[in-house]
Amino acid sequence: MSETRIRGWCPGARRPMRSGDGLILRLRVTGGRLSPDTVRAIADLASRYGNGELDLGRRGGLQLRGVGDHDFGALEIELAALGLLDGDAGAEAVRNVVASPLSDLDETAQGDAFALARQLEAALVAETGLRSLPAKFGFSVDDGGRIGLTEVPADVRLRFERNNVAVSLDGDVRTVMLPPEETVAIALRLAHTFLDLASRIDPPPRRMAALVDHVGAETLFASAGLGMGDISRPNRTDAAPLIGAFSVHVGVGLPFGRITADQLLFLASLAATDIRLTPFRVVLLPGVSADVLPRLADAGFVTAPDDPLLAVVACPGAPACATATVETRGLARRLAQLKSSHRGIWLHVSGCEKSCASSARHAVTLVGRDGGLDLVLDGRPADLPRHAGLSPEVAEALFRSGTQ
Ligand code: SF4
């Protein structure tokens with residue numbers, strides 16, 4: 001365990017991040033699938049070593065918060081015993097794969113995303129030449145069914161289409177069609193090509209979309225020995241259809257991605273088979289019937305797909321994050337109630353420009369700066385604000401009067 005270092009960004013279980021409420025450890029769970037016993041064990045660890053609060057991230061990782069420096073070593077030993085710790089920090093970092101959560105249960109799925117994700121993770125860990133990939137460089141494996149991953153950040157995208165897998169690069173809509181058995185090797189080749197081409201640019205692009213901007217997808221595909229394919233037809237991604245009761249699962253939303261150890265224990269007590277984490281801040285219980293929904297709502301989960309809280313995102317903000325100078329989630333909760341129904345996310349409250357909660361453009365973004373809030377319309381936290389240095393009260397009044 002001696003190689004573990006505490007870093008200031010992109011947390012893992014091997015490489016935690018320091019925040020305002022202690023260390024954050026992110027668990028990368030293959031395909032997001034956890035047994036009820038493992039969920040109980042994680043809840044126990046979160047209570048004993050952390051502050052009992054966890055976050056479900058935008059790539060489906062589960063973060064334990066509030067871990068003390070002195071507890072970190074013992075926590076690592078217990079995570080290893082549960083099979084939740086990679087061999088080293090490099091292996092953990094490169095194993096950055098998101099998969100469709102229901103490919104074994106969704107009758108519209110066109111392939112087994114879980115199996116392909118598992119193969120890809122194993123290959124990435126074994127390929128030590130890819131350890132220099134940027135920390136956020138990641139892959140998605142979409143089963144081609146009703147739960148699309150097109151809005152989940154990924155540098156290399158794999159999507160089952162009939163009997164093949166469509167491979168595409170972030171920043172370009174075109175695909176190359178491959179037989180499934182060739183997909184893992186090609187995904188690795190594209191990652192090597194990324195490293196090679198990025199290293200020739202000063203400064204090197206850190207994400208695939210930036211490299212595609214520089215050299216074009218044709219060059220990337222050709223350098224990896226591939227020809228260009230047809231224009232792809234991305235399938236839809238939306239958290240809403242996952243929430244509620246369906247024929248094969250019950251789904252609940254987590255406001256701002258936050259879940260407590262007690263809530264995890266409650267989910268484990270209801271599970272029929274396993275518990276599935278998704279990159280949509282939604283947790284799924286396969287094989288569970290609709291009659292549990294009222295109890296899940298009482299336990300603080302979002303159970304209605306039109307809940308206004310699903311239309312806002314906010315990072316932890318102050319005091320949980322040491323970088324933040326403003327409180328974020330209380331404000332987002334209050335503002336969420338001002339729009340009773342809204343499709344998609346209309347509001348992003350970010351404690352600073354880093355944009356941990358969302359990298360997308362939103363109709364309204366409030367971003368903390370030096371204790372005040374800047375208001376950006378139709379943009380991202382780093383964009384030019386329409387108003388700067390607002391107090392939370394003034395920002396809220398602007399929304400209530402509709403004059404933002
Ligand atoms: S965006 Fe939020 S959570 Fe991320 S560093 Fe800034 S204040 Fe912290």
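For reference, positions follow the sequence shown, starting with 1. Since this is a predicted model, take the numbers as computed values, not measurements. Both counts, for ligands and for their atoms, begin at 1 and track the order of listing.
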Quiz prompt | Part of Cys356 with heavy atoms under 4.0 Å of ligand 1, whether side chain, backbone, both or neither | solution = both
Quiz item: Is the distance from atom 4 (Fe) of ligand 1 to the nearest N/O/S atom of Cys321 under 2.8 Å?
Solution: no
Practice problem: Considering heavy atoms of the protein only, find what lies nearest to atom 6 (Fe) of ligand 1 and give residue, atom and distance to 0.1 Å. | Solution: Cys352 SG, 2.3 Å
Exercise. Answer yes or no for Arg200 and Phe194: cation-pi contact, defined as NZ/CZ to six-membered ring centre under 6.0 Å and angle to ring axis within 45°.
Key: no
Exercise. Report, in ascending order of atom number, the atoms of ligand 1 lying under 4.0 Å from any heavy atom of Ala324.
Key: 7 (S)
Quiz item: Any side-chain heavy atom of Asp374 within less than 4.5 Å of one from Leu390?
Solution: no
Practice problem: Would you check if there is a donor-acceptor pair between the side chains of Ser289 and Asp291 at a distance under 3.5 Å? | Solution: yes
Exercise. Specify side chain, backbone, both or neither for Ala357, according to which of its non-hydrogen atoms lie closer than 4.0 Å to ligand 1.
Key: neither
Quiz prompt | Any side-chain donor near an acceptor of the partner, Thr30 and Glu121, under 3.5 Å | solution = yes
Quiz item: Using 4.0 Å as the upper bound for N to carboxylate O, is an ion pair formed by Arg258 and Glu53?
Solution: yes
Practice problem: State the atoms of ligand 1, each with its element, that fall below the 4.0 Å cut-off from a heavy-atom position in Ser350. | Solution: 1 (S)
Practice problem: Identify, for atom 2 (Fe) of ligand 1, the protein heavy atom at the shortest distance, and state residue, atom and that distance. | Solution: Cys315 SG, 2.3 Å
Practice problem: Could you tell me whether the side chains of Ser359 and Arg58 share a donor-acceptor contact shorter than 3.5 Å? | Solution: yes
Self-check item: Within 45° cone and under 6.0 Å: Arg157 NZ/CZ vs Phe139 ring
Solution: no
Exercise. Enumerate the atoms of ligand 1 whose separation from the nearest heavy atom of Pro316 is less than 4.0 angstrom.
Key: 3 (S)
Quiz item: Ser355 heavy atoms, cut-off 4.0 Å: which ligand 1 atoms fall inside?
Solution: 1 (S)
